[in-house]
*Asks:* 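This is the structure, below, for whatever I ask next.
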Amino acid sequence: MSRLIQAFNRREAEQNCLSLLQLCNTFSKLKQIHSHLLKSGLHNNPLVLTKFSTTCSELNNIDYATSFVFCKEADTHLYDTFLFNAIIRAYAQTNHTKQNAIFCYNLMLRYSIKPNKFTYPFLLKASAGMLGLNLGKQIHGAVVKYGFDSDLYVQNTTVHMYCCCVGGIEFARNVFDEMPKSSAVSWSAMIGGYVRLGRSTEAVDLFRKMQFDGVRPDEITMVSVLSACADLGALELGKWVQRYIDKEGIPRSEELCNALIDMFAKCGDIDEAIKVFRNMNEKTIVSWTSVIVGLAMHGRGKEAVDFFDEMRRVGMKPDGVAFIGMLTACSHAGLVEQGCRYFDLMVNEFSIVPKIEHYGCMVDMFSRAGHLSKALEFVKEMPIEPNPVIWRSLIYGCRSHGELELSESISKRLIGDEPMHGSNYVLLSNVYAKMSKYEKKTKIRNVMDKKGIKKVPGCTMIELNNEIYEFVAGDKSHDQYEDIYRMVDEMGRAIKKAGFVATTSDVLLDIDEEDKEDTLNKHSEKLAIAFALLNSPPRTMIRIVKNLRVCTDCHAATKFISKVYEREIVVRDRNRFHHFRDGSCSCKDFW
DNA sequence: GTAGGGTTAG
């Protein structure tokens with residue numbers, strides 16, 4: 001090696017050194033090269049220095065390069081834009097080193113090294129990951145000041161950066177709207193930004209505008225659009241997107257297939273999701289996990305277990321997310337023993353350190369199944385501090401299994417920790433309602449009113465004839481609302497005749513029985529179902545999406561509706577799917 | 001010699 005570097009002339013030595021670095025694939029080799037650099041004096045070469053830094057970064061050890069480049073003895077005359085770009089890029093790539101990227105940028109300015117148009121995408125990427133809107137604005141300001149804001153690459157990264165900052169989406173949209181020219185990348189960045197914020201309707205609208213503007217989407221754009229469909233539960237739209245992808249010859253990348261699987265699973269067509277999965281040539285852990293999570297959401301725990309076993313047979317190694325899927329599957333299907341086995345398997349065989357989410361799944365599983373003391377014991381033995389999500393699953397379990405005192409003591413604590421979080425009050429008040437403690441329930445309600453705490457309003461979406469409709473409780477904003485309410489009344493009479501008795505205990509308000517029933521009848525899911533009965537052909541399936549958990553009364557009523565009106569009704573709630581058919585639900589009343 | 005957007009859970 002030393003002979004190679006000490007070649008006849010400096011130029012040749014430089015070239016040799018660059019190719020050595022190019023081929024270097026281990027850190028020990030790199031150290032060897034480093035010592036030869038120092039001996040031969042080649043460390044005083046800007047090209048070599050930059051390549052050295054890039055190689056360090058590729059071997060995940062950028063700190064090694066910087067400690068050398070920026071040491072006290074270093075020759076600062078060697079610093080140039082390329083060198084800084086390489087280092088900033090390396091730091092921007094890794095989540096926990098992003099602030100170093102900004103630090104190096106400041107250092108660069110201090111040495112009067114001019115940033116160029118390549119510097120800013122790295123910096124914008126770094127500030128995107130740090131979520132600081134002010135920092136993002138500063139970098140954007142510098143971009144404008146140096147005149148790099150006319151560059152398409154820089155513009156796209158700026159849009160992405162603002163999308164990633166809390167409260168930055170409108171800034172992103174401003175930059176996006178001002179762009180004289182755009183590419184699929186610009187649109188994907190903006191659409192992806194809306195999707196990440198859960199503003200899926202806007203994402204879909206923007207996709208439509210993209211087509212109107214004649215910009216050809218690529219497979220990355222389609223991944224975000226599918227993600228929006230999944231979020232909305234818009235199956236028809238999702239199917240249309242799938243046809244569009246085929247028609248336009250957009251390549252089906254792994255990620256695109258994964259997004260298709262996820263879309264079908266979240267839109268209620270798990271069998272189609274499995275079909276996409278089976279047709280994939282190369283399945284990744286994400287593909288497997290998406291199917292497992294999908295099966296879990298549909299309460300098909302046994303099949304999820306089969307899938308997991310198949311995955312292991314073909315040699316795919318499960319990761320922490322796959323185990324979350326499995327634990328959720330067990331939880332939703334009441335497979336407590338299986339769930340415990342998977343938890344042990346994860347820890348002991350796969351050496352995965354459980355995160356709070358894994359513990360959350362376990363607590364949820366125990367408390368749903370009514371093993372409340374087991375759940376509490378588990379919480380006590382957890383090596384990490386339980387979070388409010390965990391306490392809330394305990395209360396949910398308390399409600400289903402009549403544990404009044406336990407839920408009161410947990411709620412007290414939760415309300416102390418998060419006094420403005422509405423669901424902490426709603427959960428407790430639901431426990432009271434379930435046990436007919438109406439005075440206590442009213443008291444909670446009054447506390448909420450006094451503190452100005454709002455319950456998240458229930459909202460149900462339904463897709464019909466290429467249109468997405470939204471309903472909230474007592475909604476009168478729809479053109480057809482008179483017909484809808486008439487239909488709700490008719491539904492109420494029909495199911496009563498068939499033997500349905502309203503379960504009024506979930507209603508928050510303390511009013512007399514008849515009024516309670518009236519309030520129940522205005523629940524958003526009932527409005528959506530009535531709307532669907534009015535506007536879709538007889539015997540066709542009805543699919544609705546609810547933002548909260550479905551309430552006991554609506555669940556019971558929907559069973560009767562499915563029988564009386566001969567309709568299969570698929571409800572996606574915040575947690576899972578319910579398939580209602582001929583008077584019963586796929587969740588077997590376990591949710 | 002350097003650059004941009006994406007998928008699984010909670």
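Just so it is clear, the model here is predicted, and its values are computed rather than measured. Each chain gets a letter, A, B and so on, in the order the sequences are listed, and its residues count up from 1.
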*Asks:* Determine the contact category for A:Ala322: base if any of its heavy atoms lies under 4.0 Å from a base atom, sugar-phosphate if only primed atoms, P, OP1 or OP2 are that close, otherwise nothing.
*Replies:*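 Nothing, no nucleic acid heavy atom in range.
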*Asks:* Could you check whether A:Thr221 gets within reach of a base, just the sugar-phosphate, or nothing at all, counting any heavy atom under 4.0 Å?
*Replies:*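 If one applies the 4.0 Å heavy-atom cut-off, A:Thr221 turns out to touch a base.
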*Asks:* Could you check whether A:Ser183 gets within reach of a base, just the sugar-phosphate, or nothing at all, counting any heavy atom under 4.0 Å?
*Replies:*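 Touches a base.
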*Asks:* Between A:Asp271 and A:Arg300, does any side-chain N to carboxylate O distance fall below 4.0 Å?
*Replies:*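 The answer is yes: the pair qualifies as a salt bridge.
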*Asks:* Checking all strands, does A:Arg574 fall into the base, sugar-phosphate, or nothing category for heavy-atom contacts under 4.0 angstrom?
*Replies:*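 The answer is nothing, as A:Arg574 stays clear of every strand by at least 4.0 Å.
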*Asks:* Going by side chain to side chain contact (heavy atoms under 4.5 Å, CB included), A:Val159 matches just one of A:Phe171, A:Phe176, A:Trp187. Which one?
*Replies:*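 Single pass found, and it is A:Phe176.
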*Asks:* Would you indicate what A:Val321 reaches in the nucleic acid, counting non-hydrogen atoms under 4.0 angstrom: base, sugar-phosphate, or nothing?
*Replies:*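 Contact class for A:Val321: base.
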*Asks:* Going 5' to 3' along DNA chain B, which are the first and last nucleotides with any atom under 4.0 Å from a heavy atom of chain A?
*Replies:*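 Nucleotide range in contact with chain A: B:dG1 to B:dG10.
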*Asks:* Base, sugar-phosphate alone, or nothing: which one does A:Asp319 contact when heavy atoms must sit under 4.0 Å apart?
*Replies:*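 It contacts nothing in the nucleic acid.
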*Asks:* Look at all strands and tell whether A:Leu152 reaches a base, only sugar-phosphate, or nothing, counting heavy atoms closer than 4.0 Å.
*Replies:*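 Answer is base: heavy atoms of A:Leu152 come under 4.0 Å of a base.
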*Asks:* Base, sugar-phosphate, or nothing: which does A:Ser253 touch, judged by heavy atoms less than 4.0 Å apart?
*Replies:*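 The residue A:Ser253 makes base contact.
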*Asks:* Hey, what do you get for OG (A:Ser200) to CD1 (A:Ile191), rounding to the nearest 0.5 Å?
*Replies:*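 That separation rounds to 11.5 Å.
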*Asks:* For A:Lys283, answer base if it contacts any base atom (sugar-phosphate contacts may also be present), sugar-phosphate if it contacts only those atoms, and nothing otherwise; contact means non-hydrogen atoms under 4.0 Å.
*Replies:*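 The answer is nothing, as A:Lys283 stays clear of every strand by at least 4.0 Å.
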*Asks:* Check this for me: does any side-chain nitrogen of one of A:Asp364 and A:Arg368 sit under 4.0 Å from a carboxylate oxygen of the other?
*Replies:*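 So A:Asp364 pairs with A:Arg368 through a salt bridge.
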*Asks:* For A:Asp262, which contact category applies under a 4.0 Å heavy-atom criterion: base, sugar-phosphate, or nothing?
*Replies:*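 Counting heavy atoms under 4.0 Å across all strands, the contact made by A:Asp262 is with sugar-phosphate only.
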*Asks:* Just checking A:Phe323: base, sugar-phosphate only, or nothing, at a heavy-atom cut-off of under 4.0 Å?
*Replies:*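 Result for A:Phe323 = nothing.
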*Asks:* Reckon A:Lys117 touches a base, only the sugar-phosphate, or nothing at all at heavy-atom distances under 4.0 Å?
*Replies:*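 The residue A:Lys117 makes base contact.
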*Asks:* Would you please test A:Phe68 and A:His34 for ring pair (Phe, Tyr, Trp, His ring centres under 6.0 Å) and show each step?
*Replies:* CA-CA 10 Å; A:Phe68 168 58; A:His34 184 196; 4.4 Å; yes
*Asks:* What's A:Thr50 touching, base or sugar-phosphate or nothing? Going by heavy atoms closer than 4.0 Å.
*Replies:*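 Base contact - A:Thr50 has a heavy atom under 4.0 Å of at least one base atom.
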*Asks:* Between atom CG of A:Leu124 and atom CZ of A:Phe148, what is the distance when rounded to the nearest 0.5 Å?
*Replies:*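 One gets 12.0 Å once the value is rounded to the nearest 0.5 Å.
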*Asks:* Donor-acceptor pairs under 3.5 Å, side chain of residues 317-328 of chain A to any protein atom, not counting sequence neighbours: which ones?
*Replies:*
{"unit_1": "A:Asp319", "atom_1": "OD1", "unit_2": "A:Val321", "atom_2": "N", "d": "3.2"}
{"unit_1": "A:Asp319", "atom_1": "OD1", "unit_2": "A:Ala322", "atom_2": "N", "d": "2.9"}
{"unit_1": "A:Thr328", "atom_1": "OG1", "unit_2": "A:Ile324", "atom_2": "O", "d": "2.5"}

